[in-house]
Participant: 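The structure is given below, and queries will be raised subsequently.
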Amino acid sequence: MAPDFQRARRPEQVEARRAAILATARELLAERPVSQISLRELSDCVGLAKSNVLRYFDSREAIFLEVLDSIWVAWLDELEGELGAPGDPKPGYEREVSVATVIAKSLSRQRLLCELISTMAAVLERNISVETARTFKTRAAERTERLASVVRAQVSLDADAAGHIAKAVFILVAGLWPYANPGEAVATVLAERGAPAGREMFVDALTEGLANQLVGLVVRTRRNT
């Protein structure tokens with residue numbers, strides 16, 4: 001049942017409204033992709049008129065960007081724990097492949113994060129204000145820098161190379177995720193052709209892409225030192 005909201009006047013009331021809108025957005029995203037969720041539906045579910053929802057976020061897309069940022073942070077917290085303390089260097093770039101594998105498997109368990117990343121540039125960043133864009137891009141840069149630091153703690157990279165791999169993670173996810181989650185007709189044809197299941201394809205392709213990136217960047221870093 002939607003909450004019975006009164007007009008928010010105090011800062012804590014505004015934050016409560018925003019939290020309720022974001023929680024409802026996450027509930028809807030657990031059921032279907034962002035492309036199938038309208039602002040009207042979201043407003044109805046949260047118990048506010050569309051015009052009132054737009055008092056707290058300047059567009060539907062701004063809401064989902066906020067959700068993206070929160071789960072991005074949560075994933076980085078999890079990833080640090082999954083990678084653990086850096087081990088000793090291993091021969092044959094085994095360390096780089098291991099790190100790539102952990103990142104790929106970790107992301108494969110983050111359906112909502114991958115879904116939102118795959119729509120970020122083409123959809124979510126298109127109908128937002130300059131202020132929302134400025135806020136989101138500032139946060140995105142901070143998250144990317146954090147991922148770069150996490151990877152750099154595991155693999156011998158210079159700062160530029162670490163920044164490159166952090167950006168590559170999201171570019172690869174954005175490209176691979178839609179192919180790993182096709183529509184019903186395409187999924188049927190792929191199964192007929194013996195193609196691997198979506199999750200398997202996603203993990204394998206992301207691991208391969210990240211491993212190749214990491215090994216190449218390590219080689220370049222060593223050459224420049």
Participant: For the backbone of L48 and the side chain of N52, can you confirm whether one donor and one acceptor N or O come within less than 3.5 Å of each other?
Facilitator: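 Here the side-chain-to-backbone pair does not exist.
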Participant: Can you get from V97 to L157 by hopping between Ile, Leu, Val, Met, Phe, Trp and Tyr side chains that sit under 4.5 Å apart?
Facilitator: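 No: no chain of side-chain contacts under 4.5 Å links V97 to L157.
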Participant: Kindly say whether K50 contributes a backbone atom to a donor-acceptor pair with the side chain of R40 at under 3.5 angstrom?
Facilitator: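 Judged by distance alone, no pair lies under 3.5 Å.
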Participant: Test side chain to side chain contact (heavy atoms under 4.5 Å, CB included) on L107 and W177 and set out the steps.
Facilitator: CA-CA 10 Å; L107 280 166; W177 187 255; over 6 Å; no
Participant: Can you find a heavy atom in the side chain of Y56 that is under 4.5 Å from one in the side chain of I21?
Facilitator: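 Counting from C-beta outward, Y56 and I21 do come under 4.5 Å.
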Participant: Can you tell me if T207 uses its side chain to pair, donor with acceptor, with the backbone of D204 under 3.5 Å?
Facilitator: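 Not at all, since once roles are kept as given, no pair shorter than 3.5 Å links the two residues.
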Participant: With distance as the sole test, does T24 use its side chain to make a donor-acceptor pair with the main-chain N or O of V46 at under 3.5 Å?
Facilitator: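 No, because the side chain of T24 does not come within donor-acceptor range (under 3.5 Å) of the backbone of V46.
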Participant: Using modelled atom types and a 3.5 Å cut-off, is there a donor and acceptor pairing between side-chain atoms of R17 and backbone atoms of Q13?
Facilitator: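 Such a contact is found between R17 side chain and Q13 backbone.
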Participant: I need the minimum non-hydrogen distance between R126 and A122, along with the two atoms involved.
Facilitator: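 Closest pair (atom of R126, atom of A122, distance): CG-O, 3.2 Å.
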Participant: Roughly how far, to the nearest 0.5 Å, is the CD1 atom of I128 from the OG atom of S59?
Facilitator: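 So the OG of S59 and the CD1 of I128 are separated by 6.5 Å.
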Participant: Crowded around Q36 CD? As in, over 12 foreign heavy atoms under 6.0 Å?
Facilitator: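 Counting neighbours around CD of Q36, more than 12 heavy atoms of other residues, nucleotides or ligands fall under 6.0 Å, so yes.
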Participant: Could you tell me whether the side chain of R60 and the main chain of I37 form a donor-acceptor pair under 3.5 Å?
Facilitator: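 A pair under 3.5 Å: yes.
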Participant: Are I171 and L79 grouped together when hydrophobic residues (ILVMFWY) are joined by side-chain heavy atoms under 4.5 angstrom apart?
Facilitator: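 In one cluster with I171: L79, no.
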Participant: Do you know the tightest heavy-atom contact between A162 and A148?
Facilitator: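 Scanning both residues completely, I find the closest heavy atoms to be O-CB, 3.5 Å.
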Participant: Under 4.0 Å between a side-chain nitrogen and a carboxylate oxygen: does that hold for E145 and R152?
Facilitator: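 Result for this pair is no, no salt bridge flagged.
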Participant: In terms of heavy-atom contacts, does CZ of R111 have more than 12 from other residues, nucleotides or ligands at under 6.0 Å?
Facilitator: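 It does: R111 CZ has more than 12 such atoms within range.
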Participant: Nearest 0.5 Å, please: how far is CG in D77 from CD1 in I71?
Facilitator: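 I71 CD1 to D77 CG: 13.0 Å, rounded to 0.5 Å.
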Participant: Between L28 and E31, is a side chain to side chain contact (heavy atoms under 4.5 Å, CB included) present by the stated rule, with each step listed?
Facilitator: CA-CA 5 Å; L28 292 172; E31 301 171 356; 4.1 Å; yes
Participant: Atom CG in N127, atom CG in D58: separation rounded to 0.5 Å?
Facilitator: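 It is 8.0 Å, given to the nearest 0.5 Å.
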Participant: Are V151 and L214 side-chain neighbours, meaning at least one heavy-atom pair lies under 4.5 Å?
Facilitator: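 Yes - at least one pair of side-chain heavy atoms lies under 4.5 Å apart.
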Participant: Where the side chain of S106 meets the backbone of V102, is there a donor-acceptor pair that is under 3.5 Å apart?
Facilitator: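 Not confirmed, S106 side chain does not pair with V102 backbone.
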Participant: Can you tell me if S43 uses its side chain to pair, donor with acceptor, with the backbone of L39 under 3.5 Å?
Facilitator: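 Yes; at least one donor-acceptor contact below 3.5 Å.
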Participant: Does this structure show an ion pair linking K137 with E125, if we count only N-O contacts that are shorter than 4.0 Å?
Facilitator: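 Yes, this pair counts.
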Participant: Is it the case that T132 and T135 place a side-chain donor and acceptor less than 3.5 Å from each other?
Facilitator: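 No, T135 and T132 have no side-chain donor paired with an acceptor closer than 3.5 Å.
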Participant: Run the salt-bridge test on E131 and R134 with the 4.0 Å N-O cut-off and return the result as yes or no.
Facilitator: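 The answer is yes: the pair qualifies as a salt bridge.
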Participant: Give a yes or no on whether a salt bridge exists between R220 and D160, defined as a side-chain N under 4.0 angstrom from a carboxylate O.
Facilitator: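 The answer is no: the pair does not qualify as a salt bridge.
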Participant: What distance do L172 atom CG and E208 atom CD have between them, rounded to the nearest 0.5 Å?
Facilitator: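 It is 11.0 Å, given to the nearest 0.5 Å.
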Participant: Is the backbone N or O of F57 less than 3.5 Å from a side-chain atom of E66, with the two atoms forming a donor-acceptor pair by type?
Facilitator: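 Answer holds: no.
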Participant: If I compare all heavy atoms of E61 with all of L124, which pair ends up nearest, and what's the gap?
Facilitator: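 Minimum heavy-atom contact is CB-O, 3.2 Å.
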Participant: Output the distance between atom CZ (F64) and atom OG (S35), rounded to the nearest 0.5 Å.
Facilitator: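 Here the interatomic distance stands at 10.0 Å.
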Participant: Would you kindly say whether Q110 and E78 are connected by a side-chain donor-acceptor distance under 3.5 Å?
Facilitator: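 Side chains of Q110 and E78: pair found under 3.5 Å.
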Participant: In sequence, state the C-alpha distance, the side-chain angles, and the governing distance for Q213 and H164, and then conclude on side chain to side chain contact (heavy atoms under 4.5 Å, CB included).
Facilitator: CA-CA 9 Å; Q213 289 271 334; H164 178 91; 2.9 Å; yes
Participant: Could you check whether R109 pairs with E82 (Lys NZ or Arg NE/NH1/NH2 to Asp/Glu carboxylate O, under 4.0 Å)?
Facilitator: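 Yes, R109 and E82 are salt-bridged.
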Participant: Check for me, please, whether V67 and L76 land in the same ILVMFWY cluster - side-chain distances under 4.5 Å, paths through other members count.
Facilitator: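 Hydrophobic grouping puts V67 with L76.
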Participant: Hey, any chance V73 and I63 share a hydrophobic cluster, counting ILVMFWY side chains that come within less than 4.5 Å of each other, even indirectly?
Facilitator: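 No, separate clusters.
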Participant: G175 and P178: which non-hydrogen atoms are nearest, and at how many Å?
Facilitator: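 For G175 versus P178, the nearest heavy atoms are O-CD, 3.6 Å.
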Participant: So if you build clusters from Ile, Leu, Val, Met, Phe, Trp, Tyr with side-chain heavy-atom gaps below 4.5 Å, do M120 and V123 land together?
Facilitator: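 Linked, M120 and V123 end up in one cluster.
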Participant: Are F136 and L68 packed together at the side-chain level, in the sense that at least one heavy-atom pair is separated by less than 4.5 angstrom?
Facilitator: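 A side-chain contact exists here, since the closest heavy-atom pair is under 4.5 Å.
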Participant: Do S118 and V173 touch side chain to side chain, with heavy atoms closer than 4.5 Å?
Facilitator: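 S118 vs V173: side chains apart.
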Participant: Taking atom CZ of R26 and atom OG of S70, what is their separation to the nearest 0.5 Å?
Facilitator: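 It comes to 5.0 Å.
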Participant: If you take the centroid of each ring, where Trp contributes its six-membered ring, are W72 and F170 closer together than 6.0 Å?
Facilitator: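 Ring-ring flag for F170/W72: true, centres closer than 6.0 Å.
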Participant: Determine the minimum heavy-atom distance between V218 and S156, stating which atoms define it.
Facilitator: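 The pair with the smallest heavy-atom distance is CG2-O, 3.7 Å.
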Participant: Between R199 and S108, which heavy-atom pair has the shortest distance, and what is it?
Facilitator: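 Minimum heavy-atom separation between R199 and S108: NH2-OG, 2.9 Å.
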